[in-house]
Number of protein chains: 2
Amino acid sequence: MISGKFAITIHILTLLTKFPDEYLSSEFIAGSMNLHPVLVRKEIANLKKNNIVESKEGKNGGTKLLKSASNISLDTIFKMTFDTVTLGFSKNTPNPNCPVGKKINENLENLYENINEKISLQLSGITLENFSNQF
Amino acid sequence: MISGKFAITIHILTLLTKFPDEYLSSEFIAGSMNLHPVLVRKEIANLKKNNIVESKEGKNGGTKLLKSASNISLDTIFKMTFDTVTLGFSKNTPNPNCPVGKKINENLENLYENINEKISLQLSGITLENFSNQF
DNA sequence: TCATACTGTAATAAAATATATTACAAATAT
DNA sequence: ATATTTGTAATATATTTTATTACAGTATGA
């Protein structure tokens, strides 16, 4: 299902790209987003799990990129922050006694899968460097 | 923002396609979806506004397609039921004093717009008839 | 013409999800 | 040591989605 994680994560990464040699604190990042530092740290946890950033605890700690922005594609971020784009309707439990109800989920899922592939394909052509250069 | 409207609307239309000559009641349709009839009627109101279905009030009333399923593309439904797919984060009010915060919304919106175009393009190649034939 | 079976729609409630906050342990620079 | 920062769990608030209630209006046909 859709969430704001993608947008938040892209924002974090854009900042990290602009200061590739510094450890940025979650408070600094949160300040750029008008967001709570804990949310930033949660997304950073996800980025760490995916080996995109590293972070340092303690005083003067913070987070920095683990690899060059030119080697990070937006598709990676997309996949990291979504299960799939579904066009909605999580609680879809149709009537199994209806021929349409019985197969609707399967058919919608196929459709969504195709959509997700298209989105992935498009995003795989955009690097974090590309995106960050717009700022 | 994403919603279940697309899925609900597709489900309604699939049923209408299967019974193109009958007026189906919102209760019958809701029964196939395990959904409240009022929600169905709301989406039907939207379909009517877009001249895709007509409905008849009163006893034996209901809803039927106004045109052939082969002349209705899923892209039309997509555009009818979404503003845009945004990948989230409605309450995005970043810090205007930060160079990144200042431009992030504009840049994300561009990205989303491109994604929406790709989705549209793909869905425009699928008719309601195509979709319904899977059942 | 009246009972019945529908649609249409507004108002409200409940549930689900997303976002924000609090709290505090653990780490590290100075 | 102290100050500053991350990490994370627990909880609270806000927002969005979905469901329900209520009832007026309309057509059908006995």
Side-chain angles (χ1 to χ4, degrees), chain A residues 1-9 11-12 15-16 19 22-31 33-50 53-64 66 81-95, chain B residues 1-9 11-12 15-16 19 22-31 33-50 53-64 66 81-95:
Chain A
M1 189 48 194
I2 293 284
S3 81
K5 289 180 179 185
F6 178 80
I8 293 172
T9 302
H11 195 139
I12 293 169
L15 288 168
L16 296 179
F19 303 94
E22 294 176 43
Y23 285 93
L24 301 185
S25 76
S26 64
E27 185 145 356
F28 172 82
I29 295 171
M33 314 179 68
N34 248 323
L35 210 69
H36 203 279
V38 169
L39 290 182
V40 172
R41 297 210 282 271
K42 267 184 198 155
E43 297 318 316
I44 284 174
N46 195 18
L47 285 163
K48 279 170 63 181
K49 207 170 63 194
N50 287 276
V53 305
E54 60 168 327
S55 53
K56 203 172 67 173
E57 293 186 37
K59 193 170 179 180
N60 298 332
T63 302
K64 72 195 270 296
L66 256 184
T81 52
F82 285 86
D83 302 329
T84 49
V85 171
T86 62
L87 309 187
F89 211 34
S90 44
K91 188 197 165 194
N92 195 352
T93 53
N95 184 345
Chain B
M1 191 48 196
I2 293 284
S3 81
K5 290 180 177 185
F6 178 82
I8 294 172
T9 302
H11 195 140
I12 293 169
L15 287 167
L16 296 179
F19 303 94
E22 294 177 42
Y23 285 92
L24 302 185
S25 75
S26 62
E27 186 145 355
F28 173 81
I29 294 171
M33 314 178 69
N34 249 321
L35 211 69
H36 204 278
V38 170
L39 289 183
V40 172
R41 297 210 282 273
K42 265 182 198 158
E43 296 317 317
I44 284 173
N46 195 20
L47 285 163
K48 281 171 61 182
K49 208 170 61 192
N50 286 274
V53 305
E54 62 168 328
S55 53
K56 201 171 69 173
E57 293 185 37
K59 194 170 179 177
N60 300 330
T63 302
K64 72 194 272 297
L66 257 184
T81 52
F82 284 87
D83 302 329
T84 49
V85 171
T86 62
L87 309 188
F89 211 36
S90 44
K91 189 198 164 193
N92 194 353
T93 53
N95 184 345

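Throughout, a chain's letter reflects where its sequence line sits, starting with A, and its residues are numbered from 1.
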Base contacts versus sugar-phosphate-only contacts with protein, heavy atoms under 4.0 Å: please encode nucleotides 21-30 of chain C as B, S and - from 5' to 3'. BB---BBBBS

Over how many whole Å does the gap from L47(B) atom CG to dG8(C) atom C1' extend? 15 Å

Measure the distance from CD1 on I44(B) to P on dC6(C) and round it to the nearest whole Å. 13 Å

Below 4.0 Å: OP1/OP2 of dG8(C) and any side-chain N or O of S55(B): yes

For S26(B), answer base if it contacts any base atom (sugar-phosphate contacts may also be present), sugar-phosphate if it contacts only those atoms, and nothing otherwise; contact means non-hydrogen atoms under 4.0 Å. sugar-phosphate

Which residues pass the side-chain contact (heavy atoms from CB on, under 4.5 Å) test with E54(B), sequence neighbours left out? Y23(B), K64(B), L66(B)

Please confirm whether the backbone N or O of K42(A) pairs with a side-chain atom of N46(A), one donor and one acceptor, at under 3.5 Å? no

Can you check the E43(B) CD to dT9(C) P distance for me, whole Å? 13 Å

Measure the spacing between OG of S55(B) and CG of L16(B) and express it to the nearest 0.5 Å. 10.0 Å

Using the side chain to side chain contact (heavy atoms under 4.5 Å, CB included) rule, pick out the option among V38(B), V40(B), N34(B) that qualifies with H36(B). V38(B)

Rounded to the nearest 0.5 Å, what separates atom CD1 in I8(A) from atom CD1 in I44(A)? 11.0 Å

N46(A) has an atom CG; how far is it from atom P of dT8(D), in whole Å? 12 Å

Assess whether side-chain contact (heavy atoms from CB on, under 4.5 Å) is satisfied between K56(B) and T63(B), documenting all intermediate values. CA-CA 6 Å; K56(B) 201 171 69 173; T63(B) 302; over 6 Å; no

Length of the CZ-C1' vector between F6(A) and dT17(C), whole Å: 20 Å

